[in-house]
Peer 1: 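Below: one structure in structure tokens.
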Protein chains: 2
Amino acid sequence: MSITANTPQVLRRTNLKAVLDVMRGGGTCTGSDLMERTGLTRATVIAVCDDLVRRGWVRELVAERNGAAQKGRPARRFAFNEEAGCVLGLDLGVATVTAQVADLNGNVLGRAAQRIPGKALEATAAVRLETITSTVDRALQEAGLPTTAVLAVGIGVATVVDRHGNIAGGHQLSAMFDLGLQTEVWRDRAWPVLLENDANLAALAERWRGIAQGTDDLAVMLTGERLGAGLIESGRLLHGRNGGAGEVGTLQLVAGVGSRDGIARLARQWGTQALAEGRQTLIRELVGPETNRVSARFVFEAAAREDAVALEILDRIARRMARVIAVLGTFLDPELVVIAGAVAKSAVALLPTINQELPALTDTPPRVEVSQLGDGIVATGAVRLALDYVEENMVSLTPLGQPAVT
Amino acid sequence: MSITANTPQVLRRTNLKAVLDVMRGGGTCTGSDLMERTGLTRATVIAVCDDLVRRGWVRELVAERNGAAQKGRPARRFAFNEEAGCVLGLDLGVATVTAQVADLNGNVLGRAAQRIPGKALEATAAVRLETITSTVDRALQEAGLPTTAVLAVGIGVATVVDRHGNIAGGHQLSAMFDLGLQTEVWRDRAWPVLLENDANLAALAERWRGIAQGTDDLAVMLTGERLGAGLIESGRLLHGRNGGAGEVGTLQLVAGVGSRDGIARLARQWGTQALAEGRQTLIRELVGPETNRVSARFVFEAAAREDAVALEILDRIARRMARVIAVLGTFLDPELVVIAGAVAKSAVALLPTINQELPALTDTPPRVEVSQLGDGIVATGAVRLALDYVEENMVSLTPLGQPAVT
DNA sequence: TCCTTTTATTTAGTGTCTAAATTTATGTTC
DNA sequence: GAACATAAATTTAGACACTAAATAAAAGGA
């Protein structure tokens with residue numbers, strides 16, 4: 001069991017990959033472009049391209065005289081064939097299933113979302129699986145693609161997943177998501193299924209399409225009902241021994257530092273408490289006189305209107321977040337911490353307090369930003385995860401509508 | 001700028017490396033052994049071995065009839081040539097310089113240690129460099145090796161170092177160690193110099209020769225006057241954006257959680273305090289009546305003799321360590337946390353309390369152990385760092401006493 | 001039409017591997 | 001000791017993948 005390369009064909013595979021890496025991400029390439037970017041000779045580059053076209057990953061464009069007068073023999077133009085297949089990104093929440101279908105450049109071709117019917121927490125595995133499959137099928141239908149087009153499926157779940165994609169038992173919600181997605185379900189569809197923690201996928205998403213582009217060291221706090229962090233160091237996700245890395249929610253440190261609860265739950269909790277104490281606040285108006293069912297939204301709205309009680313709640317939340325971020329910053333030294341999740345939009349209000357608190361808590365406060373990616377963040381990360389898999393294994397996968405090629 | 005492989009020679013280089021990886025770590029190999037371990041054919045394996053012998057990294061042993069009667073043509077026997085060069089591991093402390101010389105299997109051939117003359121904190125760069133060089137030369141002399149035998153130098157420093165081996169400015173002690181070791185000093189000796197944080201090297205050492213062998217996810221708390229952690233996830237050191245990962249000392253969280261100070265300093269501090277308060281304790285006897293200069297050793301010794309005040313101090317230290325370990329465990333999910341450093345031996349006394357405290361602080365308490373490596377831990381890690389470099393670059397380096405080979 | 005430019009393609013040569021045949025150096029058996 | 005068995009090394013032939021250099025193709029411009 002060691003790093004072995006044997007046949008000369010390994011060389012070709014390496015070069016196939018090198019050329020694909022250059023081509024991917026759009027734009028057309030000429031042989032000369034590829035020579036420059038890969039360092040290979042023209043003969044090799046063309047041979048590799050022909051190989052890729054034959055395999056279906058690349059298409060050759062008809063030589064179009066493109067504007068500017070060009071001397072010399074026209075170059076053959078190649079482009080990555082983003083339609084050689086698609087990937088699926090799933091966000092399995094406690095109550096909702098979200099699916100995205102994307103082509104191999106990551107362009108979203110279809111979306112679907114469904115609630116788990118009935119009481120989500122009590123749903124059986126069968127009901128859950130049924131919902132997942134039908135959501136996937138709807139998204140594929142919208143994209144106009146058959147199940148055979150799917151090259152990989154990335155799935156985000158709200159529990160601990162180790163680095164091999166196995167759900168770690170004994171954790172909160174672990175039973176709920178341990179549905180045999182990798183092996184049993186979709187066995188007939190033969191999809192490679194990649195499970196990952198939702199906060200980790202949020203981190204992939206921020207680095208791919210969010211505010212963390214170009215950042216190799218970051219933490220994304222995915223907050224809502226729960227609180228979890230996705231950690232990327234040197235461009236790689238951190239999992240820890242059992243996938244528990246970033247599970248800041250399980251930290252029960254001295255009062256106030258630990259926080260099993262996300263921003264939304266804290267806002268609701270403390271808002272409800274304020275009402276129960278009969279305090280004078282706009283939250284009462286927003287909730288209505290009849291009930292005490294505070295939602296996070298009401299607290300943030302009241303705060304936006306300068307309500308003192310709501311502002312105090314936000315202040316408490318921000319201080320708690322600052323503490324968690326300070327610890328993250330000290331232990332991992334990320335370049336950037338992103339606050340993401342259901343309440344990200346409202347979280348902008350927390351930034352001033354957080355940034356004000358941080359210097360007192362750590363010598364090297366990280367930059368803190370709020371995510372702009374919105375609801376689809378986990379599904380987007382799941383798409384990225386699936387794309388990573390496909391890109392890594394392209395040479396051994398068979399693209400859509402192509403016979404197997406050796 | 002992309003992953004490129006071109007000539008068929010790349011294949012050979014990969015296979016050279018594969019064969020070396022099998023051979024390294026002692027023992028002799030026959031062609032058949034290598035065939036099995038690398039998956040290459042006999043013809044290739046022999047060709048690669050001949051190549052390695054020619055380059056000087058491998059030596060062929062005289063065919064010795066080894067005990068058991070062997071049918072067939074005797075196999076040629078090859079062994080990694082651990083004397084093809086050596087590496088240097090340095091531990092630059094605030095007041096002391098420690099050097100180890102090791103062969104390419106990591107066997108220590110020479111050691112030396114020297115104190116920085118005069119007041120260490122006030123020593124000039126010139127004095128410091130002089131001490132370093134003379135310590136190195138002594139160690140080489142003991143090993144009986146010329147400076148030309150050195151293939152790489154690993155250096156541990158007690159400050160923040162980023163993943164490229166650059167000392168991050170603006171940190172505690174950063175100026176003290178930023179001596180131009182990589183470029184200016186030893187320019188004439190042309191050694192590759194690899195700088196790394198001391199706690200990180202302690203982590204490498206524990207994984208190589210210590211209690212963490214076979215562990216891919218671990219944290220090593222290097223504690224003494226300072227407190228720093230070396231973090232390994234999935235077998236790789238974590239640095240963070242600026243190398244600050246693991247600098248738990250800079251954490252100024254709510255009372256008691258932060259800890260700029262290591263175990264030794266806390267023991268001294270709290271011991272001194274107890275004396276100042278005039279409490280009845282064995283520490284007084286150990287220190288002597290004349291003075292109040294408590295050292296950590298006295299506190300631990302008093303505790304070993306069941307002194308109530310000393311035991312209370314140990315309890316406080318253990319609780320503080322438990323908090324830091326709990327945070328580490330929660331954020332990074334290591335398999336193992338090792339307590340190392342000057343006070344490691346005494347730290348055994350802390351284990352019961354730490355293990356008792358942990359479950360209340362985190363849902364997933366890591367295993368906690370005490371290092372057995374002793375004083376040389378950082379230098380050992382530095383040797384490992386240098387070996388890693390040499391092993392990675394073996395194909396492009398020139399071993400001792402060999403002409404350059406292409 | 002001829003020249004220049006840029007690119008593609010072909011050809012010859014080299015390095016590396018595998019697979020199969022051959023040789024070598026031993027032990028075993030009669 | 002000759003014949004046989006065995007395990008390993010070595011040689012040979014063939015397959016690939018690459019480079020480098022020569023050749024061919026497809027344009028624009030004088």
Side-chain angles (χ1 to χ4, degrees), chain A residues 2-20 28-55 58 60-78 395 405-406, chain B residues 2-20 28-55 58 60-78 395 405-406:
Chain A
S2 67
I3 325 106
T4 315
N6 15 22
T7 76
Q9 288 90 318
V10 173
L11 260 193
R12 172 53 62 95
R13 286 214 290 163
T14 315
N15 287 336
L16 286 174
K17 199 157 157 25
V19 167
L20 272 175
T28 67
C29 288
T30 66
S32 301
D33 293 339
L34 293 166
M35 285 172 67
E36 191 186 356
R37 304 274 305 267
T38 64
L40 299 166
T41 53
R42 168 163 269 117
T44 305
V45 159
I46 296 292
V48 166
C49 284
D50 285 340
D51 210 344
L52 287 169
V53 169
R54 192 173 54 91
R55 287 165 187 257
V58 164
E60 184 170 0
L61 309 178
V62 288
E64 49 192 32
R65 293 281 87 234
N66 65 333
Q70 284 283 14
K71 284 191 208 170
R73 177 173 175 169
R76 291 170 69 183
R77 304 193 78 83
F78 300 94
V395 271
V405 173
T406 42
Chain B
S2 69
I3 325 106
T4 312
N6 15 20
T7 76
Q9 288 89 319
V10 172
L11 258 194
R12 172 52 63 96
R13 288 214 289 163
T14 315
N15 288 336
L16 287 174
K17 199 156 158 25
V19 167
L20 272 175
T28 67
C29 287
T30 65
S32 302
D33 293 339
L34 293 166
M35 286 173 66
E36 190 186 356
R37 305 274 305 267
T38 64
L40 299 166
T41 53
R42 168 162 269 117
T44 305
V45 160
I46 297 292
V48 165
C49 284
D50 284 340
D51 210 345
L52 286 170
V53 169
R54 192 174 53 90
R55 287 165 186 257
V58 165
E60 184 170 358
L61 309 177
V62 288
E64 48 192 34
R65 296 280 85 232
N66 64 333
Q70 282 286 13
K71 283 192 209 171
R73 176 173 178 170
R76 292 170 67 182
R77 303 194 78 81
F78 300 95
V395 271
V405 172
T406 40

Peer 1: Give one of base, sugar-phosphate or nothing for Ser32(A), where a contact means two heavy atoms less than 4.0 Å apart.
Peer 2: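 Contact class for Ser32(A): sugar-phosphate only.
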Peer 1: Look up atom SG in Cys29(B) and atom CD in Glu60(B), then write down how far apart they are to the nearest 0.5 Å.
Peer 2: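 Result: 12.5 Å between the selected atoms.
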Peer 1: Excluding sequence neighbours, so at least two apart, what forms side chain to side chain contact (heavy atoms under 4.5 Å, CB included) with Gln9(B)?
Peer 2: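 For Gln9(B), the residues satisfying side chain to side chain contact (heavy atoms under 4.5 Å, CB included) (neighbours in sequence not counted) are Thr7(B).
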Peer 1: Who passes side chain to side chain contact (heavy atoms under 4.5 Å, CB included) against Thr30(B), sequence neighbours left out?
Peer 2: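 Checked Thr30(B) against side chain to side chain contact (heavy atoms under 4.5 Å, CB included); matches are Ser32(B), Asp33(B), Ala75(B), Arg77(B).
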Peer 1: Can you tell if the side chain of Leu20(A) reaches within under 4.5 Å of the side chain of Val58(A), non-hydrogen atoms only?
Peer 2: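 When only atoms from C-beta onward are counted, Val58(A) and Leu20(A) do touch, with a gap below 4.5 Å.
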Peer 1: Enter the distance from Asn15(A):CG to Leu34(A):CG here, rounded to the nearest 0.5 Å.
Peer 2: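 Going from the CG atom of Asn15(A) to the CG atom of Leu34(A) covers 11.5 Å.
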Peer 1: Could you state the atom-to-atom distance from CZ of Arg77(A) to P of dA26(D) in whole Å?
Peer 2: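 Atom-to-atom, Arg77(A) to dA26(D), this comes out as 18 Å.
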Peer 1: Expressed in angstrom and rounded to an integer, what is the separation of Leu40(A) atom CG from dT7(C) atom C1'?
Peer 2: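 In whole Å, dT7(C) C1' lies 17 Å from Leu40(A) CG.
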Peer 1: Between Arg12(A) and Val48(A), does a side-chain contact (heavy atoms from CB on, under 4.5 Å) hold up when you go through it step by step?
Peer 2: CA-CA 8 Å; Arg12(A) 172 53 62 95; Val48(A) 166; 3.7 Å; yes
Peer 1: Judged by atom type as modelled, is there a donor-acceptor pair below 3.5 Å linking the side chain of Thr44(A) to the main-chain atoms of Leu40(A)?
Peer 2: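 Not confirmed, Thr44(A) side chain does not pair with Leu40(A) backbone.
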Peer 1: Expressed in angstrom and rounded to an integer, what is the separation of Gln9(B) atom CD from dT19(D) atom C1'?
Peer 2: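 The distance from CD of Gln9(B) to C1' of dT19(D) comes to 9 Å, rounded to the nearest Å.
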Peer 1: Could you state the CG-C1' distance from Asp51(A) to dC18(D), rounded to the nearest angstrom?
Peer 2: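 Going from CG in Asp51(A) over to C1' in dC18(D) covers 14 Å.
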Peer 1: Under 4.0 Å between a side-chain N/O of Arg12(A) and OP1 or OP2 of dC18(D), yes or no?
Peer 2: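 For Arg12(A), the contact criterion (side-chain N or O under 4.0 Å from OP1 or OP2 of dC18(D)) is met.
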Peer 1: Can you find a side chain N or O atom of Thr41(B) that sits less than 4.0 Å from OP1 or OP2 on dT18(C)?
Peer 2: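 Answer yes for this pair, as a side-chain N or O of Thr41(B) is under 4.0 Å from OP1 or OP2.
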Peer 1: Given dT19(D), dT18(C), dT7(C), identify the nucleotide with an atom nearest to the side chain of Ala75(A).
Peer 2: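 Of the candidates, dT7(C) comes closest.
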Peer 1: Using the closest heavy atom to pick a nucleotide of DNA chain C for each, name whichever of Pro8(A) or Phe78(A) lands nearer the 5' end.
Peer 2: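 Whichever sits nearer the 5' end wins; that is Phe78(A).
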Peer 1: Check nucleotides 2-5 of chain D against the protein and report each pair of N or O atoms closer than 3.5 Å, with its distance, or say if there are none.
Peer 2:
none

Peer 1: Is Thr30(A) close enough to dT7(C) that one of its side-chain N or O atoms is under 4.0 Å from OP1 or OP2 there?
Peer 2: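 Indeed not, no polar side-chain atom of Thr30(A) lies that close.
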Peer 1: Check the distance between dC18(D)'s C1' and Met35(A)'s CE and give it to me in whole angstrom.
Peer 2: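 Checked: the CE to C1' distance equals 13 Å.
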Peer 1: Supply the atom-to-atom distance Arg55(B) CZ to Leu16(B) CG, rounded to the nearest 0.5 angstrom.
Peer 2: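 So the CZ of Arg55(B) and the CG of Leu16(B) are separated by 5.0 Å.
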Peer 1: Rounding to an integer number of Å, can you tell me how far Leu16(A) CG sits from dA17(D) C1'?
Peer 2: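 Result: 11 Å.
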Peer 1: In whole Å, I'd like the distance from the CG atom of Leu11(A) to the C1' atom of dT19(D).
Peer 2: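 Value for this atom pair: 12 Å.
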Peer 1: Roughly how far, to the nearest 0.5 Å, is the CZ atom of Phe78(A) from the SG atom of Cys49(A)?
Peer 2: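 These two atoms lie 4.5 Å from each other.
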Peer 1: Show each protein N/O and nucleotides 10-12 of chain D N/O combination with a separation under 3.5 Å, one pair to a line.
Peer 2:
| from | atom 1 | to | atom 2 | distance (Å) |
| --- | --- | --- | --- | --- |
| dT10(D) | OP2 | Arg76(B) | NH1 | 2.9 |

Peer 1: What does the inter-axis angle of the helix from dT1(C)-dA30(D) to dC30(C)-dG1(D) come out as, five pairs per end, nearest 10 degrees?
Peer 2: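 Inter-axis angle at the ends, rounded: 30°.
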Peer 1: Check whether any side-chain nitrogen or oxygen of Asn15(B) sits under 4.0 Å from OP1 or OP2 of dC17(C), and answer yes or no.
Peer 2: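 For dC17(C), OP1/OP2 do have a side-chain N/O of Asn15(B) under 4.0 Å.
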Peer 1: Thinking salt bridges, do Asp50(A) and Arg54(A) make one under a 4.0 Å N-O criterion?
Peer 2: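 So Asp50(A) does not pair with Arg54(A) through a salt bridge.
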Peer 1: Rounded to the nearest Å, what distance is computed from the CD atom of residue Glu60(B) to the P atom of nucleotide dA8(D)?
Peer 2: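 Rounding to the nearest Å, CD of Glu60(B) and P of dA8(D) are 15 Å apart.
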